[in-house]
Number of protein chains: 2
Amino acid sequence: MSRMAAKDRREELIAAAFRVMIREGVTKATTRAIVNEAKMPLGVFHYCFNSREELLQEVITRFTDSWTERVRKMSGTEGDLGSRVTKSLSAFWESVELSPGEHQVSYELTHYALRQAGFEELARRQYQHYLEAHQELLTEAAESTGIEWAVPIPVLARYLNSVLDGVTLTWLVDRNSEHSREILRLTGEQLLSLARERH
Amino acid sequence: MSRMAAKDRREELIAAAFRVMIREGVTKATTRAIVNEAKMPLGVFHYCFNSREELLQEVITRFTDSWTERVRKMSGTEGDLGSRVTKSLSAFWESVELSPGEHQVSYELTHYALRQAGFEELARRQYQHYLEAHQELLTEAAESTGIEWAVPIPVLARYLNSVLDGVTLTWLVDRNSEHSREILRLTGEQLLSLARERH
DNA sequence: ATCCAGCTTGGTCAACCGTCCAAGACGCTG
DNA sequence: CAGCGTCTTGGACGGTTGACCAAGCTGGAT
């Protein structure tokens with residue numbers, strides 16, 4: 001194998017682990033499966049990482065960061081509240097149908113973290129960031145369209161996050177795209193009914 | 001060990017497996033952990049089950065059946081639509097806070113089934129039954145209070161199921177009971193806004 | 001040219017896993 | 001009591017896993 005800095009190898013291993021997880025699930029992402037995917041000898045693994053858990057931790061944090069960033073970019077910048085909400089929800093759903101594996105892995109990682117001693121905080125941080133991203137989305141939408149929400153933003157953000165989580169999970173199981181889209185449309189309407197003129 | 005029919009041992013093993021899963025997670029429910037929990041020698045396992053998968057399959061189907069039955073019993077039988085909805089949602093949430101482990105295991109089993117070859121159908125059946133249970137709940141509530149839903153029942157049932165799934169999952173991570181209850185209250189209101197006089 | 005920190009590699013280890021089996025013990029039936 | 005289906009048990013097998021290590025290699029600094 002050509003010589004490579006440990007830092008660079010870490011990156012490639014993380015990317016390889018991510019691919020394996022999407023293809024075969026988190027539990028199947030063993031040290032051997034990962035180095036095999038990265039086309040590296042087994043010994044590399046524990047030269048770059050102290051443990052498999054350390055890699056998993058890295059995967060989780062990167063996953064969280066990349067997804068929150070993507071949520072932030074879903075914010076539309078023009079049009080009235082209705083079209084902005086619709087556009088955001090459509091963008092979300094597009095990402096789900098485009099890469100279902102990523103979302104499936106996301107759930108698996110959450111449940112893995114909830115069970116793994118010392119990882120609970122990572123799961124909490126994950127959802128904390130999701131909720132904050134949705135809060136920003138709602139806040140910005142309200143401010144730039146001159147309305148205010150009839151419900152506290154943190155609660156509304158959690159409502160939004162929950163619906164998206166639930167509809168995604170259900171879709172991952174039965175792949176009913178038609179009904180899923182209907183729910184997002186319905187959710188959009190419900191959201192609009194909670195907006196009122198700023199007093 | 002005192003003599004016992006294989007059928008009876010199967011039941012005890014299933015129950016033991018269930019306890020182990022709640023305590024330590026689905027992946028930790030190994031054949032040895034299960035027989036140890038049931039205080040039986042290891043050899044018993046493959047005398048009662050052809051494989052670990054066969055046990056898992058049994059656990060999943062029983063879990064599904066027991067939960068759908070519980071959902072059906074959440075249907076209130078008196079009062080107007082508003083109080084019935086509130087009561088059902090409260091009953092649901094009570095069950096979540098009372099036994100979080102069961103719900104956590106439910107998610108883990110779903111994701112396990114989605115990855116296990118030949119188990120996809122089991123996961124589909126699980127959510128199919130949940131959706132049907134919610135449909136019955138909504139239908140019965142509408143009929144006995146003289147209203148009709150402004151949205152097709154299957155879609156509304158999926159909406160309800162998604163919200164409950166999402167809020168439960170989020171709560172399992174951050175345990176924010178206050179906000180979770182707020183969401184259920186909000187969901188109840190949204191539901192009521194979708195009910196109209198039968199024409 | 002020498003040196004040395006950093007990188008590479010294959011093999012090895014103990015632990016754990018699902019599965020299987022031989023040999024025996026039990027208890028009902030004829 | 002003899003026979004036989006059913007249950008019981010401890011041990012064993014092959015495979016996989018995370019982790020570790022000794023030995024060698026590489027390439028830039030001195």
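So that the names make sense, note that chain A is the first sequence line, chain B the second, and so on, each numbered from 1. Remember, it's a predicted structure, so these values are computed and weren't measured experimentally. Below, each value reflects all heavy atoms present in this structure, side chains not excepted, and no hydrogens, waters or symmetry copies.
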Which nucleotide, [options], lies nearest any side-chain atom of [X]?
{"X": "A:Pro41", "options": "D:dA19, C:dG10, D:dC7", "value": "C:dG10"}
{"X": "B:Leu42", "options": "D:dC7, D:dA12, D:dT9", "value": "D:dA12"}
{"X": "A:Met4", "options": "C:dT8, D:dA19, C:dT19", "value": "C:dT8"}

Quiz item: Centroid-to-centroid, B:Tyr107 to A:Tyr107, below 6.0 Å?
Solution: no
Quiz prompt | B:Arg62 bridged to B:Glu58 by N-O distance under 4.0 Å | solution = yes
Quiz item: Is any side-chain N of the basic residue among B:Arg185 and B:Glu189 closer than 4.0 Å to the acidic one's carboxylate O?
Solution: yes
Over all strands shown, is [X] touching base, sugar-phosphate only, or nothing at heavy-atom distances under 4.0 angstrom?
{"X": "B:Phe45", "value": "nothing"}
{"X": "B:Met40", "value": "nothing"}
{"X": "B:Arg32", "value": "base"}
{"X": "B:Thr27", "value": "nothing"}
{"X": "B:Arg3", "value": "base"}

Self-check item: Positive for side-chain contact (heavy atoms from CB on, under 4.5 Å) with B:Tyr130, one of B:Leu160, B:Asp165, B:Asn161
Solution: B:Asn161
